[in-house]
Asks: 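Structure below; questions to follow.
Just so we're clear, the structure is a prediction, and the values are computed from it rather than from any experiment.
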Amino acid sequence: MKIKLRHLDDNLYQDRGMKFIADLHIHSRFSRATAKSLDFENLYVAARLKGIHLVGTGDFTHPGWMAEIAEKLVPAEPGLFKLKDELEAACDRQLPFAEKTPVRFILSCEISSIYKKSGAVRKNHNLVFLPDLISASRFNARLDRIGNIKSDGRPILGLDARNLLEILLDTSEEGFLIPAHIWTPWFSLFGSKSGFNAIEECFEDLTPHIFALETGLSSDPPMNWRVGNIDGMTLVSNSDAHSPANLGREANLFNTDLSYPAVKDALKTGDADRFLGTIEFFPEEGKYHHDGHRKCNINITPDKSFAYNDLCPVCGRPMTLGVLHRVAELATRKPGEKPEKTHPFFSAVPLAEIISEIVGCGPKTKKVAYHYNKAIETLGPELPILHTLAIEQIDTAPVPFLGEAIRRMRAGQVHIVSGYDGEFGRINVFAPEEKDRLSGQKSLFQIPKSRKTAPEKMPASSRPSPVQKTAAAGKEKKTAKSPGPAPDNDTNSESDDSESDILAGLNENQLKAVTYENGPLLITAGPGTGKTRTLTCRIAHLITHRGVNPENILAVTFTNKAAAEMGQRLLKMMGSGAKLPLTATFHAFCLSLLKEISHGRDHAVIDDIDRKELVAEAIDSVKKYIIDLSIK
């Protein structure tokens, strides 16, 4: 695992007057391995929840989906479509906010081409866009004569990509084609398994009609900038969503009229005032970023692959060479270098994944859905939450640590495990050691926000050395047996004598901890260094010399022995008649709370025998329930 800091353009959303977000590559439920819920109603709701204004229809070559397009959509702005009014109104009633924003659809589909060219089998995917249903119907009729377009929303055809583009241009001069996820190993323009080394090798004489490339989940713009052969191409990013929930995980930012001609022209010209850039996955999260062999659990970077001659170091078979490897092969620039013309980008982690990490459940669980909905209800659509909303406002959502998580994500302060050989990577905003405080539970001890001084941690340089620890332990034992006042030549007051009793025998670091007055303090020390004495002395010092009411102090330990020892030491320091704070184990403290609020009901801590009996009863009840269900 590594930490990667990614510099982001802070002005991406603020200074350029963004008008709408577009996700131009999705699928319908008629494509393989897609959600059954992928219909236009759910796409509309998902787009509103995400803050997306323009969505590709996907799959218009499939007769079933084409029928639904004709049934549920109506023409809107030039070349775009909208959900029928009655369907839109029903969808709006499902949303947690009343503000009305438009959602439009653009006719799109993805074609899988598998064919032989230049002595090799080529497999690449291409996105096709058309402005009207008549053109789409003509295009479908042409493809239907070539292969089967009915069995899959993304049809597989033995059609040269160059010839596919020719058919599209013959169908409509306004149609355009964008090579899809161009670096994916198996099915893409530059894929390591069956791709080309240049756009011209694929599209030949029709290459001038290619003006945009889809970078895919496993790459981002800086990776593509290294490849001089694609300079001048507008780099787009889309979700390739197979479910409504994945809509917008990558998307595009436009500042144009909401129309087909305006979108096409912004992409064709790459005008930085109209095409504002992209929202990106962290490319390491893509499932083909690194090289590797999943069966052998091999996940490595290209430099190591080169050393192994691209063969798995475990089994000796060829590895799946990832996007990073393929970019390095075709690169004409060093990492960090870029061409003259580029567009901004913003790397993001989907909101459901952030919440999943915070609450410790899978992104598709009910618990994550509950917190996601709460965030949306409070703050509005997802993409503005991730990119533009003030952190102070995000902190008002009833999702713990959400503001801090998004602050880190925006700064690129993330922990990365890269994807490889079909396995998605993992992007975490919190380190593993921070997990304990990300359970979504409210903390037992709340630090007042009004404190002027931040929590202090004893610096490592001031911690006792092994020799000091031994000396401190010896002093602790000696003082515990015969506590007494240290010599004081300045005064003989009773107050100063009592403080000397409490502070007697403490070394420099222990004394610093006991008398510290500037807010929360974390003490780190090893065994035998006098932790218990230090904490006990601090409690006594707070009561006798800081005027803290014992009722406002709680000393919680892990064992009954430690709790009893602290109580005994406090009695010796403060006298048998002194009022003492509560010293208890976590279990004893919680049990006392239960008894306090139980209104006369009795509570007890069960032993191992009772615990096993309760578990056995629970198992029996579940078995009976299962049997009853099977009978019914």
Side-chain angles (χ1 to χ4, degrees), residues 1-3 360 400-401 404-405 408 413 415 428-439 441-449 451-480 483 499 502-546 548 552-570 573 581-590:
M1 178 177 289
K2 62 179 179 177
I3 294 180
F401 312 110
E404 174 61 14
R408 294 186 185 193
Q413 296 171 334
H415 301 263
N428 295 320
V429 292
F430 294 103
E433 58 268 21
E434 297 176 284
K435 287 287 188 179
D436 288 344
R437 69 183 184 89
L438 301 179
S439 62
Q441 304 289 332
K442 186 176 181 180
S443 175
L444 177 62
F445 308 107
Q446 296 293 325
I447 304 300
K449 291 185 177 180
R451 288 200 183 274
K452 296 181 180 180
T453 306
E456 179 172 313
K457 182 175 179 178
M458 195 78 75
S461 59
S462 66
R463 296 173 193 160
S465 67
V467 175
Q468 291 174 319
K469 291 179 182 178
T470 304
K475 289 179 182 179
E476 179 184 353
K477 292 176 182 177
K478 182 177 180 180
T479 307
E499 181 167 23
I502 293 169
L503 304 181
L506 298 176
N507 65 26
E508 181 183 352
N509 289 326
Q510 292 169 333
L511 183 64
K512 181 180 178 182
V514 169
T515 58
Y516 180 75
E517 297 183 359
N518 293 324
L521 173 69
L522 172 66
I523 301 174
T524 59
T529 53
K531 294 186 301 296
T532 303
R533 175 169 177 75
T534 301
L535 294 173
T536 306
C537 289
R538 178 165 176 78
I539 292 171
H541 179 74
L542 288 171
I543 295 171
T544 58
H545 298 283
R546 296 280 302 281
V548 176
N552 294 330
I553 297 176
L554 172 64
V556 184
T557 72
F558 288 98
T559 67
N560 288 318
K561 180 180 178 182
E565 184 180 350
M566 291 184 73
Q568 292 167 4
R569 291 189 181 193
L570 285 169
M573 290 181 185
L582 175 62
T583 59
T585 63
F586 284 93
H587 291 95
F589 170 62
C590 293

Asks: Is there a donor-acceptor pair closer than 3.5 Å between any side-chain N or O of T544 and the backbone N or O of A540?
Replies: yes
Asks: Could you check whether any side-chain heavy atom of L503 comes within less than 4.5 Å of a side-chain heavy atom of V514, counting everything from C-beta outward?
Replies: yes
Asks: Rounded to the nearest 0.5 Å, how far does OG1 of T534 lie from CD of Q510?
Replies: 4.0 Å
Asks: Between CD1 of I539 and CZ of R569, what distance do you get to the nearest 0.5 Å?
Replies: 11.5 Å
Asks: Hey, could you give me the CD/OG1 distance between Q568 and T536, rounded to the nearest 0.5 Å?
Replies: 10.5 Å
Asks: How long is the gap from CG on L570 to CD on E565, to the nearest 0.5 Å?
Replies: 11.0 Å
Asks: Any chance you could measure F430, atom CZ, to R408, atom CZ, to the nearest 0.5 Å?
Replies: 5.0 Å
Asks: Could you walk me through whether H541 and T515 pass the side-chain contact (heavy atoms from CB on, under 4.5 Å) check?
Replies: CA-CA 7 Å; H541 179 74; T515 58; 4.1 Å; yes
Asks: Return the minimal non-hydrogen interatomic distance between L511 and L506, and the atom names on each side.
Replies: N-CB, 4.1 Å
Asks: Do C537 and M573 have side chains that get closer than 4.5 Å, going by heavy atoms?
Replies: yes
Asks: Within the structure provided, determine whether N552 and P581 are in side-chain contact (heavy-atom separation under 4.5 Å).
Replies: no
Asks: With sequence neighbours left out, what residues match L542 under side-chain contact (heavy atoms from CB on, under 4.5 Å)?
Replies: R538, R546, V548, I553
Asks: Listed by chain and number, what are the side-chain contact (heavy atoms from CB on, under 4.5 Å) partners of A563, not counting sequence neighbours?
Replies: T557
Asks: How many angstroms lie between CG in L535 and CD1 in I523, if you round to the nearest 0.5 Å?
Replies: 5.0 Å
Asks: Are T532 and M566 packed together at the side-chain level, in the sense that at least one heavy-atom pair is separated by less than 4.5 angstrom?
Replies: yes
Asks: Between F558 and F586, how do the two ring planes meet: parallel, tilted or perpendicular, split at 30° and 60°?
Replies: tilted
